[in-house]
Structure formats: C-alpha cells, structure tokens
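Inspection log for the structure reproduced underneath, given as structure tokens.
Quick note: residue numbers are just sequence positions, from 1. Note that these values count all heavy atoms, side chains included, but never hydrogens, waters or copies made by symmetry. This structure is a prediction, so every number in the text was calculated from the model and none was measured.
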Amino acid sequence: MVKAKPSYEECRLKRVEENKKRMEALNLPMLCQALRKKPSIEPSHEKQVKPRTVKKQEDVVLRRSSRVANKPAPVYNGVTLVRVEIPRRISSKRDLSNRVYASDEARARAVEKAEKLEARLGPEHPTFIKPMLQSHVTGGFWLGLPGYFCRRNLPKRDEAITLIDEDGDEYPTVYLPRKTGLSGGWKAFAVAHGLVDGDALVFQLIRNTAFKVYIIRVNGSDQMKNLLNSKSQISEPVQSI
C-alpha cells in the first residue's frame, strides 16, 4: 500500500516547528527581547557657562623712552591731518562695436594678389604671406608669424626686428621666438598704415632682423608701386643666423 504524501500545510508547519527549535537553541528570542528594550539615557551634565563680564577700561600709563621720560607729553589737538587722495585709475575699455569684418570673397582676392606679388619678388629672399585678422589690427595688436618660417630663418632669442614699408620708413618691433610673433612695435606699424581686417601683407626677409613689408588692401587698393625699384634696393643677401 502506497503511503499518501503529506500535504503542503503539514510540511510548512513541520518546517516552522524546526525553525523555532533552532532559534531557541541559538537563544535568538531572548536577544530580540533585549534589543527591544530601550536603554535608559542618563541626562548629560551640561557645562555651565559663566556670563562674561566686561571690565571697565582704566587709564593706562604709556611707556615712554628714557630720553623723553622727563619731558612733557606732546599735545596733538592743534595738528591738522591732511589726507592725500590718490586718483583712482579708471581703465578705459576699448570700443570694439565699430569693427568692420572683411567678407570671405574680399579676403580671398587680397590673398590671391599677395601670392602674385610674392611670385614677382623672386626666391632671392625668404617670404611669407600674412592675412590680417581683427586681433592683428585691433584689440590685442599681436602678430603671430608662421612657425616653420621662424624656426628656419629668424633668431632663436628675443630680438629687435625692423619692419620697412614701401616708402622706406622703418618701424622697430620686438620678436619673441618662444611665441613666434611680433609684440612691441607692431601696433605702431598697424596704426600708421591703417591696416584693417582682410588686408594681406607680404613679408620679405631682406636681412636676418629686417622685413620688407608689402601691403595688399582688402578694398582693392593694393600698394605695389615701385616694385622694380624695391627689388633693386633689397639685393643684399640674407646673413646666416
């Protein structure tokens, strides 16, 4: 005869009884009761803060040097203090709202003319073309030069470099090799020649520290006059650095 399997409820009750016995063996019911009891918290003894008493300031005899101890104390009631006012320096912000930006077409035409001029100058002296941006002619007045040109042709230390325009006027500038650009003096050249955004400049290194500069205007008025005479005047070879 096959024994009937115990029902689910019988198995569950049996398992519950076994778990109760295990919990009693581990003393878990007593631990639960101990945890449920709230420990009695004794009131902490707060530190009593004494009220601060402000002592009345008494007259204190000032210590004086032995050389003037027997002399009467000086009286400063009649002395008038004159306050020197230093004028505050107010930095005047540059008005850059009137900037004029060249169109891409006009900028490209100026560069094309500069390339033709560079080809006419010939390979006797190193040359490069630099289109003008707003940072070159307004605001910071910083002119960065091509890195490859600087490493190949210009000094390796800070040096004074002269810019010579087509009229022969010279403008000293400061060349910084670590930044490969012209700093001091470039603003005077840019302002004197009225350079604007989009102008293209052809730099020709006629000496190791002197550039001949040709200006191609973005508005179409290029300065190419006396080109042949200029070529005859710059026949001096470039010295090795």
Side-chain angles (χ1 to χ4, degrees), residues 93-155 159 161-235 238:
K93 296 183 179 180
R94 293 185 295 267
D95 184 12
L96 304 180
S97 60
N98 56 351
R99 280 182 169 181
V100 178
Y101 292 87
S103 62
D104 294 339
E105 294 78 7
R107 195 185 303 272
R109 286 195 300 268
V111 172
E112 184 180 357
K113 292 181 180 180
E115 291 174 348
K116 293 180 180 179
L117 173 59
E118 184 182 24
R120 292 180 61 183
L121 292 176
E124 291 84 3
H125 304 286
T127 59
F128 68 88
I129 298 173
K130 186 66 178 179
M132 294 292 99
L133 303 176
Q134 290 292 352
S135 59
H136 301 150
V137 296
T138 60
F141 286 98
W142 164 262
L143 183 67
L145 305 181
Y148 71 91
F149 188 94
C150 297
R151 291 188 293 270
R152 186 181 304 172
N153 302 291
L154 297 183
E159 193 70 57
I161 290 185
T162 303
L163 303 182
I164 306 173
D165 62 11
E166 294 180 87
D167 294 329
D169 297 331
E170 298 184 357
Y171 296 83
T173 62
V174 178
Y175 169 67
L176 304 177
R178 289 178 296 178
K179 297 183 177 181
T180 62
L182 300 180
S183 178
W186 165 250
K187 178 180 179 179
F189 182 89
V191 173
H193 295 83
L195 299 180
V196 297
D197 178 60
D199 289 346
L201 274 59
V202 179
F203 287 81
Q204 184 182 38
L205 187 66
I206 60 176
R207 294 191 300 274
N208 59 342
T209 58
F211 279 110
K212 185 77 174 181
V213 183
Y214 300 90
I215 302 174
I216 306 300
R217 301 292 180 180
V218 69
N219 56 11
S221 175
D222 54 344
Q223 297 180 357
M224 300 177 62
K225 61 181 181 179
N226 300 328
L227 177 60
L228 297 177
N229 295 334
S230 300
K231 293 182 63 176
S232 63
Q233 294 175 3
I234 59 177
S235 59
V238 178

* side-chain contact (heavy atoms from CB on, under 4.5 Å) between Leu201 and Phe189: does it pass, once the steps are laid out? -> CA-CA 12 Å; Leu201 274 59; Phe189 182 89; 4.2 Å; yes
* Whether Lys113 side chain and Ile216 backbone form a donor-acceptor pair below 3.5 Å -> no
* To do: Indicate the atoms forming the closest heavy-atom contact of Leu154 with Asn208, along with that distance.
  => CD2-O, 4.2 Å
* Between Ala190 and His136, which heavy-atom pair has the shortest distance, and what is it? -> CB-O, 4.3 Å
* Could you tell me whether the side chain of Asp165 and the main chain of Asp167 form a donor-acceptor pair under 3.5 Å? => yes
* To do: Evaluate the criterion side-chain contact (heavy atoms from CB on, under 4.5 Å) for residue pair Thr209 and Thr162; output intermediate values, then yes/no.
  => CA-CA 6 Å; Thr209 58; Thr162 303; 5.9 Å; no
* To do: With Phe211 as reference, evaluate Leu182, Leu163, Ile206 under the side chain to side chain contact (heavy atoms under 4.5 Å, CB included) test and give the passing residue.
  => Leu163
* Structure fact -> With Phe203 as partner, the option from Tyr175, Tyr214, Phe149, Phe128 fulfilling ring pair (Phe, Tyr, Trp, His ring centres under 6.0 Å) is Phe128
* Applying side-chain contact (heavy atoms from CB on, under 4.5 Å), run through Leu145 and Lys130 and close with a yes or a no. => CA-CA 8 Å; Leu145 305 181; Lys130 186 66 178 179; 5.6 Å; no
* To do: May I ask you to check whether over 12 heavy atoms, not counting those of Lys187, lie within 6.0 Å of atom NZ?
  => no
* Can you name the closest pair of heavy atoms from Ala192 and Tyr171 and give their distance? -> CB-OH, 3.7 Å
* Structure fact -> Minimal heavy-atom distance between Val213 and Glu166, with the atoms involved, is O-CG, 3.8 Å
* Asked: What closest approach, in Å, do Arg217 and Leu195 show between heavy atoms, and which atom pair accounts for it?
  -> NH1-CD2, 3.8 Å
* Asked: Do the side chain of Thr173 and the main chain of Ile161 share a donor and acceptor less than 3.5 angstrom apart?
  -> yes
* To do: Kindly give the heavy-atom pair with the smallest separation between Leu176 and Ser183, and that separation in Å.
  => CD1-CB, 4.0 Å
* Can a donor-acceptor pair be found between the side chains of Thr127 and Gln204 at a distance below 3.5 Å? -> no
Got a list of side-chain donor-acceptor pairs under 3.5 Å for residues 102-112, not counting sequence neighbours?
residue : atom : partner : partner atom : Å
Ser103  : OG   : Ala106  : N            : 3.2
Arg107  : NH1  : Met132  : O            : 3.2
Arg107  : NH1  : Asp197  : OD1          : 3.4
Arg107  : NH2  : Ala102  : O            : 3.4
Arg107  : NH2  : Asp197  : OD2          : 2.9

* Do any N or O atoms from the side chain of Asn153 and from the backbone of Cys150 form a donor-acceptor pair under 3.5 angstrom? -> no
* Could you state the interatomic distance from CD (Glu115) to CZ (Arg120), rounded to the nearest 0.5 Å? -> 15.0 Å
